[in-house]
Amino acid sequence: MAIVGVENSNTWMGAGELLSSEHASVVSINLFVVLLCTCIIIGHLLEENRWLNESITALLIGICTGVVILLLSRGKSSRILVFSEELFFIYLLPPIIFNAGFQVKKKRFFRNFSTITLFGAIGTLISTGVISAGAMYFFKNKDIGYLSIADYLAIGAIFSATDSVCTLQVLNQDETPLLYSLVFGEGVVNDATSVVLFNAIQSLDFSHISSIASLEFAGSFLYLLISSTILGVLVGLLSAYTIKTLYFGRHSTDREVAIMILMAYLSYMLAELFSLSAILTVFFCGIVMSHYTWHNVTQSSRVTTKHAFATLSFVAEIFIFLYVGMDALDIEKWKFVSHSPGTSISTSSILLGLVMVGRAAFVFPLSFLSNLTKNFSSDKLTIKQQVTIWWAGLMRGAVSMALAYNHFTRSGYTQLRPNAIMITSTITVVLFSTVVFGMLTKPLIKFLLPPTKQMLASDSMVCSEPSSPKSLAIPLLLDGGNSDDEESSNSLPRPTSLRMFLRTPSYSIHYHWRRFDDGFMRPVFGGRGFVPFVPGSPVESDDLQQQWLN
């Protein structure tokens with residue numbers, strides 16, 4: 001009987017601890033939701049501020065909250081949730097990258113695709129090499145501790161990842177369409193390249209380095225980029241064909257919205273399953289779904305999906321920056337460097353300087369090469385635009401922190417001094433670059449590139465889609481189109497010679513793509529011009545007649 005009593009006592013104690021843990025989790029989630037609401041409200045009040053954006057606002061609120069929690073817990077903790085790379089990469093990053101692809105101005109993006117790829121892929125490799133070599137040179141004389149070659153290469157990949165979340169708020173795509181397209185596109189390709197490169201470095205065996213191993217590394221890198229893109233396109237086309245064929249909207253628009261959201265997320269998880277670049281996959285899935293799938297759903301579903309994807313991305317962005325601000329004050333990380341603050345400061349300063357040098361090492365040379373391939377002066381990058389691109393990519397954010405945690409810690413903790421120094425240095429670089437560079441970005445752009453009426457007029461002739469989620473409702477409700485700035489193929493004059501193709505390759509490729517798209521892709525997968533009907537609606541009879549004619 002005594003044994004039974006002890007067992008019952010232990011059972012009740014275990015149940016009590018479980019209930020206490022669940023209660024603490026509920027309290028933490030409630031506090032975090034309140035903080036998210038606070039960030040949105042303050043961001044709205046600071047909408048017209050020329051210095052702050054919502055990312056910086058969330059970061060500062062996170063820091064202030066971390067200070068309060070640190071004081072209340074008597075220095076034991078500064079956060080109410082535990083950081084997890086899985087939480088970031090599996091749940092928070094997908095809606096941000098997908099919405100970026102779903103809302104992108106496709107014609108402007110693909111018109112500058114060669115330059116975007118040059119900056120996002122080749123530039124990232126150059127930046128990684130410069131940062132890795134610089135860290136290896138400067139850190140060997142500092143009291144940091146032992147870092148292997150794999151650590152130095154990982155440092156290069158970590159600090160080459162620009163903050164695509166923050167760079168999307170740097171420029172206005174109506175005022176500076178070319179720069180917005182380049183910075184935005186580079187940010188997404190850069191994140192994908194950095195993560196692929198980081199994972200390749202993690203799996204590389206540095207004890208058996210040879211020329212054959214280097215070629216295999218380059219081949220696997222290209223394979224990941226190409227395969228990830230193809231997977232995203234295929235899932236996007238599958239979603240378009242499924243919705244076009246089954247007409248979910250005839251019974252329930254909720255099913256249309258649900259299948260679009262789930263298949264978008266499926267593309268990301270399939271890439272993770274096959275060890276591909278999930279960022280690149282979900283980005284191109286978003287592009288394909290906006291071109292085909294979105295036009296196959298009913299009018300109400302179009303409005304709903306546009307705002308649903310934008311809202312999920314918006315909340316995820318605020319969540320990331322809010323948590324980064326709180327996690328920056330985690331006392332456990334700073335204990336290892338508290339005895340040598342000068343080492344931590346100098347390490348952070350060196351890394352920040354290498355970030356600036358590494359970015360300059362590819363932005364200006366690659367801009368020069370890009371300008372050599374342009375035939376029109378309006379497509380060439382001026383020195384002021386190059387400086388803007390260089391500056392806009394100096395910010396580092398949650399991707400860098402997630403990669404640093406992945407390489408230098410286990411479950412967010414480390415007992416090794418070199419690893420702790422790299423974690424705290426990453427936090428310092430992220431905070432400084434996001435807050436300081438982010439606050440100076442808007443005034444700098446207004447100084448270098450003041451908006452002109454001619455710029456706005458020329459952009460309105462080329463691009464006519466909604467500029468941001470804030471302006472989606474009116475154009476969607478008026479014409480029901482995505483207005484993806486694509487002209488009808490009949491309005492495009494035919495390129496008649498090889499000479500014209502060589503002079504204007506982007507125009508010629510666009511012409512032939514539109515003919516292929518109108519002749520084959522849209523009849524199979526739907527898209528612009530396809531109007532699915534809902535039984536009982538005013539357009540039902542017209543749609544039935546049109547389908548019989550087709």
Q.
My understanding is that only residues two or more places apart in sequence, or in another chain, count here; which of them pass ring-ring contact (aromatic ring centres under 6.0 Å, His included) with Phe432?
A. Phe437
Q: Evaluate the ring planes of Phe364 and Trp390, with Trp represented by its six-membered ring, and classify them as parallel (under 30°), tilted (30 to 60°) or perpendicular (over 60°).
A: tilted
Q) Taking atom CG of Leu431 and atom CD1 of Ile56, what is their separation to the nearest 0.5 Å? A) 11.5 Å
**Q.** Verdict with reasoning, Ile90 to Met269, per side-chain contact (heavy atoms from CB on, under 4.5 Å)
**A.** CA-CA 8 Å; Ile90 301 300; Met269 295 310 300; 4.1 Å; yes
(Q) Would you compute the distance between atom OG of Ser290 and atom CD of Gln103 and round it to the nearest 0.5 angstrom? (A) 8.5 Å
(Q) Using a 3.5 Å distance criterion without hydrogens, assess whether the side chain of Ser267 forms a donor-acceptor pair with backbone atoms of Ala264. (A) yes
Q. Between Gly358 and Val130, what is the shortest heavy-atom contact and its length?
A. CA-CG1, 3.7 Å
Q: Could you tell me which non-hydrogen atom of Leu448 sits nearest to which non-hydrogen atom of Lys384, and how far apart they are?
A: O-CD, 3.4 Å
Q. When the ring planes of Phe110 and Phe284 are compared, do they come out parallel, tilted or perpendicular, using 30° and 60° as the limits?
A. tilted
Q: Using a 4.5 Å cut-off on heavy atoms from C-beta on, say whether the side chain of Tyr405 contacts that of Thr426.
A: no
Q: Could you tell me which non-hydrogen atom of Cys39 sits nearest to which non-hydrogen atom of Ile61, and how far apart they are?
A: SG-CD1, 3.7 Å
Q: Begin with the C-alpha distance, continue with both residues' side-chain angles, and end with the deciding distance and a verdict on side-chain contact (heavy atoms from CB on, under 4.5 Å) for Asp163 and Phe321.
A: CA-CA 11 Å; Asp163 189 356; Phe321 282 99; 3.1 Å; yes
Q: State the CD1-CE distance between Ile427 and Met422, to the nearest 0.5 angstrom.
A: 11.5 Å
Q | Least distance between heavy atoms, Ser132 atom then Tyr152 atom | A | OG-O, 3.1 Å
Q | Any Thr124 side-chain heavy atom under 4.5 Å of Phe362 side chain | A | no
Q) Are the aromatic rings of Phe309 and Phe98 close, with centres under 6.0 Å apart? A) yes
Q. Got Leu59 and Leu322 here, is their nearest side-chain heavy-atom distance under 4.5 Å?
A. no
Q) Do the side chain of Asn99 and the main chain of Pro95 share a donor and acceptor less than 3.5 angstrom apart? A) no
Q: Show your reasoning for whether side chain to side chain donor-acceptor pair (under 3.5 Å) applies to Ser160 and Thr128.
A: CA-CA 6 Å; Ser160 293; Thr128 300; 3.1 Å; yes
Q: Take the angle between the ring planes of Phe32 and Phe319 and call it parallel below 30°, perpendicular above 60°, tilted in between.
A: tilted
Q | Closest approach of Leu403 to Ala157 (non-hydrogen atoms, all atoms of both residues) | A | CD1-O, 4.4 Å
Q) With side chains defined as the heavy atoms from C-beta onward, is the minimum distance between Phe274 and Leu224 less than 4.5 Å? A) no
Q. Within the side chain of Tyr323, is there an N or O that forms a donor-acceptor pair under 3.5 Å with the backbone of Ile318?
A. no
Q: Please answer whether the main-chain N or O of Ser148 pairs with a side-chain N or O of Asp151 as donor and acceptor at a distance below 3.5 Å.
A: yes
Q. Does the side chain of Met326 reach to within under 4.5 Å of the side chain of Ile63, using non-hydrogen atoms?
A. no
Q: Could you grab the distance from atom CG of Asp191 to atom CZ of Phe283, nearest 0.5 Å is fine?
A: 11.0 Å
Q. Could you go step by step and tell me if Ile389 and Glu186 meet the side-chain contact (heavy atoms from CB on, under 4.5 Å) rule?
A. CA-CA 10 Å; Ile389 293 173; Glu186 184 216 337; 4.1 Å; yes
Q) Is there side-chain contact between Phe221 and Thr193, with at least one heavy-atom pair below 4.5 Å? A) yes
**Q.** Contacts of Thr117 that satisfy side chain to side chain contact (heavy atoms under 4.5 Å, CB included) - sequence neighbours left out
**A.** Phe113, Ala121
Q. Which heavy atom of Ser227 sits nearest a heavy atom of Leu276, and at what distance?
A. CB-CD2, 3.9 Å
Q.
So does Ser181 get a backbone contact from the side chain of Arg108, meaning a donor-acceptor N/O pair under 3.5 Å?
A. no
Q) Is there a side-chain contact between Leu225 and Thr229, using heavy atoms and a 4.5 Å cut-off? A) no
Q | Test item: Ser349 side-chain N/O and Ile345 main-chain N/O as donor-acceptor pair under 3.5 Å | A | yes
Q.
For Val430, is there any backbone N or O sitting under 3.5 Å from a side-chain donor or acceptor partner on Ser433?
A. yes
Q. Once you round to the nearest 0.5 Å, how far does CD1 of Ile287 lie from CZ of Phe109?
A. 5.0 Å
Q: Answer whether the closest heavy-atom distance between the side chains of Phe139 and Leu351 falls below 4.5 Å.
A: yes
**Q.** side-chain contact (heavy atoms from CB on, under 4.5 Å) evaluation trace for Trp391 with Arg359
**A.** CA-CA 9 Å; Trp391 180 271; Arg359 186 156 182 83; over 6 Å; no
Q: Would you check if the side chain of Asn112 reaches a backbone N or O of Leu182 as a donor-acceptor pair within less than 3.5 Å?
A: no
Q.
As an exercise, state the distance from OG of Ser228 to CG of Leu270, rounded to the nearest 0.5 Å.
A. 11.5 Å
Q: Could you tell me whether the side chain of Asn190 and the main chain of Thr162 form a donor-acceptor pair under 3.5 Å?
A: yes
Q) Short question: side chain of Thr434, backbone of Met395 - any donor-acceptor pair under 3.5 Å? A) no
Q. Can Ser425 and Thr347 be counted as having a side-chain donor-acceptor contact under 3.5 angstrom?
A. no
